[in-house]
Number of protein chains: 2
Amino acid sequence: MFKELDPLLHSQLRLGIMSLLLGLDSADFVFLKEKTDSTAGNLSVQLDKLSEAGYIQIEKSFKGKKPLTTCRITKKGIKAFEDYVNSLKTYIK
Amino acid sequence: MFKELDPLLHSQLRLGIMSLLLGLDSADFVFLKEKTDSTAGNLSVQLDKLSEAGYIQIEKSFKGKKPLTTCRITKKGIKAFEDYVNSLKTYIK
DNA sequence: TAAAGTAGTTTATAATATAAACCAAAAATT
DNA sequence: AATTTTTGGTTTATATTATAAACTACTTTA
């Protein structure tokens, strides 16, 4: 009947992050924060969860003197997103 | 960018309930429990929430000697579901 | 008549999302 | 040059949620 919805992706903010990353080579913390209209704290936590699940890869460096957190979606993340969308389709016709 | 996802519908079980009710005139508790593969407790709670939001209408009666809980989606519920699906589309392309 | 099943509700618990508070460094202001 | 503000985050606390467990009331079956 209905397929399970990956709880890691069934979250507004995490889904937004993944949606953005899917269409880009990479995105940094500030960009994601602006596009998802989230608070830094919430974003930080959700990025960690996606990273721990292996759905994204996080690289910390510096841009000049400022910290720079760069995120990329992984193959596993792409697969998970696709599966999630397919599962969703069992609910929305 | 991304539209808000109605938190009342952004829940696996409640979305499943609404999805079922959308395609039927009505459905009873036992039917919904089987189709959504949920526990009675969880189903009871989630039906109440949908009902309190005005997304469904619940009617309690008896079928012979057994209690019968019949649910129907309301116009408001249909609208909310449609809005939810449209919002989702901003995330899944 | 005792045990098991049906159709639920209520309550407790675990997980989640989110915000608030915090930190270190850099940049801007006085 | 000292103080304030901003930037780019992390950590911790809180409120909400989902879920399961426990319970109720009645019915059916053995």
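Just so we're clear, the structure is a prediction, and the values are computed from it rather than from any experiment. Here is the naming used below: chain letters follow the sequence lines, and residue numbers restart at 1 for every chain.
Each of dA27(C), dA18(D), dT27(D) was ranked by its minimum atom distance to the side chain of K65(B); first place goes to dT27(D). When distances are taken from the side chain of P67(B) to each of dA19(C), dG9(D), dG8(C), the shortest belongs to dG8(C). Of all nucleotides listed (dA26(C), dA17(C), dT17(D)), dT17(D) comes nearest to the side chain of K49(B). Candidate nucleotides dA19(C), dT16(C), dA20(D) were compared by shortest atom distance to the side chain of T39(A), and dA19(C) ranks first.
Q46(B) and R14(B) share a donor-acceptor pair across their side chains, judged by distance under 3.5 Å alone.
Taking side-chain N and O atoms only, R14(B) has no distance below 4.0 Å to OP1 or OP2 of dT17(D). The side chain of S11(B) places an N or O atom within less than 4.0 Å of a non-bridging phosphate oxygen (OP1 or OP2) of dA18(D). In terms of phosphate contacts, Q46(B) brings a side-chain nitrogen or oxygen within less than 4.0 Å of OP1 or OP2 of dA18(D). Between K66(B) and dG8(C) there is no side-chain N or O to OP1 or OP2 distance below 4.0 Å.
Going from atom CG of L5(A) over to atom C1' of dA15(C) covers 17 Å, rounded to whole Å. In this structure, E34(A) atom CD and dG8(D) atom C1' are separated by 12 Å, rounded to whole Å. Atom CG in L8(A) sits about 8 Å away from atom P in dA17(C), given to the nearest Å. Taking atom CZ of F62(A) as the reference point, atom C1' of dG9(D) lies 10 Å away to the nearest angstrom. Put simply, CG on D48(A) is 14 Å from C1' on dA17(C), counting in whole angstrom units. Atom CD of E52(A) and atom P of dT16(C) are 12 Å apart (whole Å). What separates CG of L43(B) from C1' of dT17(D) is a distance of 16 Å, to the nearest Å. Rounded to an integer number of Å, the gap from D37(A) CG to dA17(C) C1' is 16 Å.
Within the 4.0 angstrom heavy-atom criterion, only backbone atoms of the sugar-phosphate kind lie near L68(A); the bases stay farther away. Among the heavy atoms of the strands lying under 4.0 Å from K60(B) are primed sugar atoms or P, OP1, OP2 only; no base atom is included. Counting any heavy atom pair closer than 4.0 Å across all strands shown, V30(A) reaches sugar-phosphate atoms only and no base atom. In this structure, T69(A) reaches the sugar-phosphate backbone alone: every heavy-atom distance under 4.0 Å involves primed, P, OP1 or OP2 atoms, never a base.
Judged by closest nucleotide on DNA chain C, L47(B) is the one of L47(B) and P7(A) placed further toward the 5' end. Nearest-nucleotide positions on DNA chain C for G41(A) and N42(B) put N42(B) closer to the 5' end.
The heavy-atom pair separating V85(A) from I92(B) by the smallest distance is CG2-CG2, 3.8 Å.
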